[in-house]
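Below you'll find the structure, written out as structure tokens, and then a few comments.
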Amino acid sequence: MSTASYLKKHTEALVKDVGIEAACTLTGKSKATLGRYYSDADEHGDRFMPIDVVAALEAGARVPHVTSALANLRGITLSY
């Protein structure tokens with residue numbers, strides 16, 4: 001799995017953890033925009049969620065999905 005694909009998978013998990021409607025409210029982004037951030041379609045391959053949006057969603061999530069994925073890519077372990 002590529003790094004991009006790995007991050008998109010965790011971005012999707014983050015949005016689904018929060019819930020799409022709540023994610024839209026927390027970020028001010030539309031469903032379509034949020035969906036593009038985790039889409040693996042070629043036309044969205046280079047589109048990633050901005051870090052301020054990640055922070056807003058992770059504040060409302062049970063797990064910091066994207067932060068954990070980034071840490072894992074660097075071999076870092078997070079503890080709660």
Point to revise | Test side chain to side chain donor-acceptor pair (under 3.5 Å) applied to Ser2 - qualifying residues, sequence neighbours left out | key: none
Exercise for review: List the steps, then state whether side-chain contact (heavy atoms from CB on, under 4.5 Å) holds for Leu7 with Leu70.
Suggested key: CA-CA 8 Å; Leu7 291 173; Leu70 289 168; 3.8 Å; yes
Point to revise | Pairs meeting criterion side chain to side chain donor-acceptor pair (under 3.5 Å) with involvement of residues 43-56, two or more places apart | key: none
Check your understanding: Quick one: do Leu73 and Val63 end up in the same hydrophobic cluster if we chain Ile, Leu, Val, Met, Phe, Trp and Tyr together by side-chain heavy atoms under 4.5 Å apart?
Key -> no
Exercise for review: Could you pull out all residues at least two apart from Thr67 that satisfy side chain to side chain donor-acceptor pair (under 3.5 Å)?
Suggested key: Glu58
Check your understanding: Which salt bridge (charged side-chain N to carboxylate O under 4.0 Å, His left out) pairs, counting each pair once, include a residue from residues 12-37, with sequence neighbours left out?
Key -> Glu12-Lys16, Asp17-Arg62, Glu21-Lys31
Review point. Are Met1 and Tyr37 in one and the same hydrophobic cluster, where Ile, Leu, Val, Met, Phe, Trp and Tyr link if side-chain heavy atoms are under 4.5 Å apart?
Key: yes
Check your understanding: What heavy-atom pair brings Ala61 and Leu14 nearest, and what distance separates the two atoms?
Key -> CB-CD1, 3.6 Å
Point to revise | Beyond-backbone contact of Thr27 with Met49, side-chain heavy atoms, under 4.5 angstrom | key: no
Point to revise | All side chain to side chain contact (heavy atoms under 4.5 Å, CB included) counterparts of Thr77, not counting sequence neighbours | key: none
Point to revise | Residue list, side chain to side chain contact (heavy atoms under 4.5 Å, CB included) with Ala55, at least two apart or on another chain | key: none
Study note, to complete from the structure: Looking only at heavy atoms, the pair that brings Ala41 and Ser39 closest together is N-OG, 3.1 Å
Practice item. Check side chain to side chain contact (heavy atoms under 4.5 Å, CB included) between Ala22 and all other residues, then give those that pass, not counting sequence neighbours. Key: Val18
Point to revise | Pairs flagged by salt bridge (charged side-chain N to carboxylate O under 4.0 Å, His left out) wherever residues 63-80 is involved - sequence neighbours left out | key: none
Check your understanding: Run the side-chain contact (heavy atoms from CB on, under 4.5 Å) check on Cys24 and Leu34 step by step: do they pass?
Key -> CA-CA 8 Å; Cys24 291; Leu34 292 174; 3.9 Å; yes
Check your understanding: Partners of Asn72 by side chain to side chain donor-acceptor pair (under 3.5 Å), sequence neighbours excluded?
Key -> Tyr6
